[in-house]
Number of protein chains: 2
Amino acid sequence: MDCLSRLRKNIETKVAISDEDFSKIASYFRRQHLKKKKDLLRIGDTCDELAFVCKGALRSYSMDARGVEHVVQIALEDYWMADLYSYLNNTPSNIAIDAIEDAEILLIKYNDVDTMCLEFPSMERFFRKLVEKAYSATLQRINSVKSLPAEDRYKNLLKNQPELLQRIPLIYIASYLGMTPESLSRIRKNV
Amino acid sequence: MDCLSRLRKNIETKVAISDEDFSKIASYFRRQHLKKKKDLLRIGDTCDELAFVCKGALRSYSMDARGVEHVVQIALEDYWMADLYSYLNNTPSNIAIDAIEDAEILLIKYNDVDTMCLEFPSMERFFRKLVEKAYSATLQRINSVKSLPAEDRYKNLLKNQPELLQRIPLIYIASYLGMTPESLSRIRKNV
DNA sequence: TTTTTTTCTTGACATAGATCAAGACAATTT
DNA sequence: AAATTGTCTTGATCTATGTCAAGAAAAAAA
């Protein structure tokens, strides 16, 4: 399936749109290919775009005082990725975004999101619902990082997002789950 | 300041509204008093309302397998609180919400949020921006729980939300920060 | 005020998970 | 195919933070 069809399908999981509206909506996006390991956003840059993953995988990560990377999010097909914090607060980003598989993405400027949402109220609704869902999932994740031992966090991922474990190197998964690769390896041996 | 004025001011930090529209918007909300320690939502119930705090303080928390409470969020005046996850997935809530200070709140049914947003596009925009901000803050929080030692998490809270430390018992703060009261006490002794 | 309950502190000890190190694979690149 | 780089595993050890216990202080209830 091509990039724009995926986008349309993704939007239509939440709101209905006409062919005519969709073609105008689509024109706000630009397509980009991102080779594995290439950056979409560097730490220190200001993020002003939102990415929709059509193919491949992106990850966002921060770096702590000792230079250790911490994976914040992993986005496979049909997921959206950005550093909202950097944009909303107009501050340099403290996270980076890169591709962990060759990726096809659609990009839209945040300013254009706002414009588009005024032009198409159903897109305003779409983004509200999209962010609501992402927000609620992230609160669940905070809760799991704080209240579950490493093994349970791994088991939950296995149950809820098995595809990640099949596609993404364990070093990234470990970091996403908030543990070291060594710990994850030992946990997997026991499960 | 009365409850509805606070609500209006909160909305107007993000979008403009006329007197006429606001009075219709206000009519979607109902006011409630919640005494300290009283529940707004119990674990296992389905959450179908969104709360705006006019006065006092709410907290949401989960309970782990051993019966230990984990504070997910603390909401002082002008903050919104709900278990979005329960509503969006129509599942029994795995978090509870109660008052940690006597509270005045405004409640609105989620279904009414959707209706209201169709009637007033600026409210759709308001909620999109509200949730965007909450989402980005929550991602930052995940990152801090995963990448910072307990002492740094405490220092960040001290810098960013000093009011919490003045008003809220440290047992809740500790849990919110993802540590035990004992650890927080020792950290505070050293800072 | 007195009593009861809740919150906070401190010490002794335990432990989940981190760190360090080294080797085995696996996947890219040349 | 060989060389290089990236990923995964395993063992030995360490450490930040948790757990348990007990008392002090503060707040709420009687």
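Chain letters run A, B, ... following the sequence lines, proteins first, then strands; residues in each count from 1.
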Between K159(B) and D152(B) (salt bridge meaning N to carboxylate O under 4.0 Å), is one present in this structure?
no
I'd like to know if E77(A) and R6(A) make a salt bridge, using a cut-off of under 4.0 Å between side-chain N and carboxylate O.
no
With a 4.0 Å cut-off on N to O distance, would you call K37(B) and D98(B) a salt bridge?
no
Quick check on contacts: within residues 139-160 of chain B, what sits under 4.0 Å from DNA chain D by heavy-atom distance?
P149(B), A150(B)
Residues D83(A), T46(A); criterion side-chain contact (heavy atoms from CB on, under 4.5 Å); working and verdict
CA-CA 9 Å; D83(A) 180 14; T46(A) 299; over 6 Å; no
Whether K155(A) and E151(A) form a salt bridge (side-chain N of Lys/Arg under 4.0 Å from carboxylate O of Asp/Glu) is what I want to check.
yes
Using only atom types and a distance under 3.5 Å, with no angle test, would you say the side chain of T138(B) pairs donor to acceptor with the backbone of A134(B)?
yes
Would you check, one step at a time, whether the test side-chain contact (heavy atoms from CB on, under 4.5 Å) holds for C117(B) with R125(A)?
CA-CA 8 Å; C117(B) 285; R125(A) 175 159 285 234; 3.7 Å; yes
Any side-chain donor-acceptor pair under 3.5 Å between N143(A) and H70(B)?
no
Flag, side chain of R153(B) to backbone of G178(B), donor-acceptor distance under 3.5 Å
yes
Nearest-angstrom distance from the residue atom CD of E182(A) to P of dG11(D):
13 Å
Test side-chain contact (heavy atoms from CB on, under 4.5 Å) on D39(B) and D45(B) and set out the steps.
CA-CA 11 Å; D39(B) 293 316; D45(B) 290 357; over 6 Å; no
Could you pull out the protein-nucleic contacts involving nucleotides 6-8 of chain D (nitrogen or oxygen on both sides, under 3.5 Å)?
from   : atom 1 : to      : atom 2 : distance (Å)
dC8(D) : OP1    : L170(A) : N      : 3.0
dC8(D) : OP2    : L170(A) : N      : 2.7
dC8(D) : OP2    : I171(A) : N      : 2.9

Chain B reaches DNA chain C, atoms under 4.0 Å from its heavy atoms, from dT6(C) to dA12(C)
If you measure only the distance, is there a donor-acceptor pair under 3.5 Å linking the side chains of E132(B) and Y110(A)?
no
Aromatic rings W80(A) and F127(A): how do their planes relate, parallel, tilted or perpendicular, breaks at 30° and 60°?
perpendicular
So which one's nearest nucleotide on DNA chain C is more toward 5', K189(B) or M179(A)?
K189(B)
Residues in salt bridge (charged side-chain N to carboxylate O under 4.0 Å, His left out) contact with K35(B), at least two apart in sequence or another chain:
D102(B)
Name the residue closer to the 5' end of DNA chain D, choosing between S183(B) and L184(A) according to the nucleotide with the nearest heavy atom.
L184(A)
Any salt bridge linking E101(B) with R167(B)? Criterion: basic side-chain nitrogen under 4.0 Å from a carboxylate oxygen.
yes
Sorted by number, the residues of residues 58-74 of chain A with heavy-atom contact under 4.0 Å to DNA chain D
none
Salt bridge (Lys or Arg N to Asp or Glu O under 4.0 Å) with R8(A): of D19(A), D78(A), D2(A), only one passes, and it is D19(A)
Take the C1' atoms of the five end pairs on each side of the helix from dT1(C)-dA30(D) to dT30(C)-dA1(D), get both axes, and report the angle to 10 degrees.
60°
